[in-house]
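Proteins come first, then strands; the chains are lettered A, B, ... in the order of their sequence lines, and each starts at number 1.
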Amino acid sequence: MKFGICILFLLVLFMLAGVIPVSEGAQTVIFRTPVFIVLLVLLAISLLVCLFKRKPKLPFLGFHLSHLGALLILIGGGISYMKEVRVSFPLYVDEESIVRELPLKNRKFMDLGFGLTLKDFDVSRYKPDFALYKPETVQKVRISPRGILDIGPSGRFRVKQLFEKGKPPRYTVYLVSETNEEVVLVEGSLAEQHTLKDGYVLKLLKPVDRQYSAVLRFTADDNSTVEREMSMNKPVDFKGWRFYLNSYDPQLLSYVMVTARRDPGRKIVIIGIFALMIGVAMKFYSGDTSG
Amino acid sequence: MDNILIISLCIYLLSFLSLRKKYVSMMLFLFGALINILVILWNWRFIGHPPFGNLYHVMVVLGACFLPVYLVMVVHKKIDWLACYFPIAAALAIFLALILKKDDLWHQPPALQSIWFIPHVVSYIVSYSLATVAFLLSVATLLKKRVRNSCEADKKEEVSYQLLAFAFPLMTFGLLSGALWADSIWGSYWSWADSKETWSLITWTLYLIYFHCRKTPQMRRYKDIAHVLAFLALLTTFLLVSLLPKLSSSLHSYR
């Protein structure tokens, strides 16, 4: 265990060196050095020795599961480091534009084995927030769940928003009278502002995304197609590849940024993660006081 | 809401100061936590999402976590004499919430709309609250050992270990659920470029070293050093990474 503690401590020192802020960011290059990789290999060996040193018995299940989990994470992570393919690329909203190859870092291309098209894309945004300015003060206000912005003496306002593909979003702000009549106050695109009668300036703030989703169409060599919906937190799997929706063209909604990933080590890491979680919980909550 | 938080802070402090009268102290602690929970519910209603998205919201939730955690420790471990450490820790969290910049208009971005969001944040908040109390207890134990060589100090050290033993699986869950979540968003379960992630791993590893030192006879004398270093790393992970621009994390900033 002494050896394991020393390895862990050295890893902590490396991680501390890696988070030191420098002008371009942190020193993350340190995590790719041979010394760091050797430390991880030594940690893996130490975990393996721990597993064999103690006989597998039910009372020690938490111990074995947690050490096995950590070992699987290191093995899976090592396989990912060596074999993973990950490419980010734009996918245009155009059913005729089919992607069949991915551009790799070394200026080569990798054949996907199928065609990929962005069939549809949609973005929804939260109702806009406003900033209310007066000299020496800045107050940010939010439209209420009823859709009315009530800022006291300055009045009551209602906002409607319109999204059209290929065009910037448009907003209309209405001044709402006590009899619920609406008068158009300001109309247009983002960051409009309007000076109110009591000296305040009401400014429309940049809208915040609620969610965005895309429909991908996969075309096989025999021209058969499969369509899958993808959004943030919901990647799509197809023939050994995983596709993630990262971002989109904020101006014209003409393309989305997609990451394609093929990682043979991923499943091993996931199993290791669950084993480590469960193993640690069993070790500490079952009253196992062994080392 | 600031005024209500100040009331909650004052009640927590009163709870700490009236510890000689156990029942009064407990009632004040409960009352302070109820007011704290009211602020959390109001924040939730106002922003329309679970209030975990920025440091201010998290500190308010952290303040409310100490009472239920204390009750679990009392029922499970029978350590009700630990009462004094929990209200002061809760007061500290609320004090920090009051001095932090508020972001009332926080919206939940697409990346945070995941089943992992609440479990990941809550497990970290609870584990860090337990670790804070364990550290305060260790400091008090060390001071007691210097003043009088009391064997009660050993008992308190054992309780500090039990608090950390309860916290560590939650911390492990928080760390690893974050990895699973990152895998589903960005296609990468770990990013060394994210300082928040790396600091949380440093914190976890230092607590792991603490447990291993405690179990290894030749290394037992280093366990207190490991504990102190682990708590300093915890403070860095929880506060400094969020507050200092140079240390800030790109993936954990949703602005």
Side-chain angles (χ1 to χ4, degrees), chain A residues 1-2 4-5 8-9 11-12 15-16 18-19 21 25-26 28 30-32 66 69 73 77 80 86 88 125-126 129 140-142 145 205 208-212 231-235 242-246 259-261 263 266 269-270 273-274 276-277 279-285 289-291, chain B residues 46-48 104-116 165-173 176-177 179-181 183-195 198-199 201-202 205-206 208-209 211-213 215-216 218-219 222 226 229 233 236 241 244-248 250:
Chain A
M1 216 188 289
K2 237 171 115 176
I5 293 172
L8 287 172
F9 186 69
L11 284 169
V12 166
M15 286 192 277
L16 284 169
V19 288
T28 54
I30 208 165
F31 300 116
R32 288 183 205 88
S66 54
I73 289 171
S80 296
R86 187 214 302 265
S88 291
R125 295 193 171 110
Y126 290 104
D129 295 319
K140 288 189 183 171
V141 292
R142 171 174 288 182
L205 298 175
V208 176
D209 291 339
R210 183 195 299 268
Q211 187 55 274
Y212 35 91
S231 60
M232 260 241 162
N233 280 303
K234 285 182 189 167
R242 202 152 224 245
F243 296 91
Y244 300 83
L245 180 57
N246 296 137
T259 296
R261 177 188 179 206
D263 182 359
R266 182 178 168 269
V269 171
I270 303 285
I273 283 174
F274 280 105
L276 181 55
M277 270 192 217
V280 168
M282 286 176 72
K283 171 88 180 96
F284 283 94
Y285 292 154
T289 55
S290 61
Chain B
F46 183 73
I47 62 174
D104 286 337
L105 298 191
W106 180 78
H107 287 288
Q108 191 175 30
L112 295 191
Q113 292 172 30
S114 166
I115 54 166
W116 292 112
F166 195 83
F168 190 70
L170 294 169
M171 206 182 291
T172 306
F173 178 82
L176 297 176
S177 61
L180 292 171
W181 184 5
D183 179 61
S184 70
I185 306 179
W186 298 298
S188 169
Y189 26 71
W190 194 261
S191 169
W192 290 113
D194 189 327
S195 47
T198 309
W199 272 107
L201 182 60
I202 291 170
T205 309
L206 283 167
L208 190 67
I209 291 172
F211 288 114
H212 282 76
C213 283
K215 289 290 181 188
T216 312
Q218 308 97 309
M219 305 291 275
Y222 299 115
L229 291 175
T236 307
V241 169
L244 296 180
K246 278 238 161 189
L247 290 179
S248 69
S250 57

*Assign the ring pair A:Phe31 / B:Trp192 to parallel, tilted or perpendicular, where the plane angle (0 to 90°) is split at 30° and 60°.*
parallel
*For B:Tyr189 and A:Asp263, run side-chain contact (heavy atoms from CB on, under 4.5 Å): C-alpha distance rounded to whole Å, both residues' side-chain angles, the deciding distance at 0.1 Å, then the answer.*
CA-CA 11 Å; B:Tyr189 26 71; A:Asp263 182 359; 3.2 Å; yes
*Distance from A:Ile273 atom CD1 to B:Leu180 atom CG, nearest 0.5 Å?*
4.5 Å
*CG of A:Leu16 to CD1 of B:Ile202: how many Å apart, nearest 0.5 Å?*
4.0 Å
*Proximity breakdown for B:Ile115 and chain A, heavy-atom pairs closer than 4.5 Å*: neither
*By a 4.5 Å heavy-atom criterion (distance strictly below it), what part of A:Asp209 contacts chain B: side chain, backbone, both, or neither?*
both
*Which bit of A:Phe243 is near chain B, if near means a heavy-atom gap under 4.5 Å: side chain, backbone, both or neither?*
neither
*Atom CD1 of A:Ile73 and atom CH2 of B:Trp190: how far apart are they, to the nearest 0.5 Å?*
10.0 Å
*Can you measure from NZ (A:Lys234) to OG (B:Ser114) and round to the nearest 0.5 angstrom?*
10.0 Å
*asked:* Which heavy atom of B:Pro110 sits nearest to which heavy atom of A:Gln211, and what is that distance?
replied: CB-OE1, 3.5 Å
*CZ/A:Arg242 to CG/B:Asp183 distance, rounded to the nearest 0.5 angstrom?*
6.0 Å
*Side chain, backbone, both or neither of A:Leu11 within contact of chain B (heavy atoms, under 4.5 Å)*: neither
*Under a 4.5 Å heavy-atom cutoff, which of A:Thr259, A:Leu245, A:Val269 has the most pairs with chain B?*
A:Val269
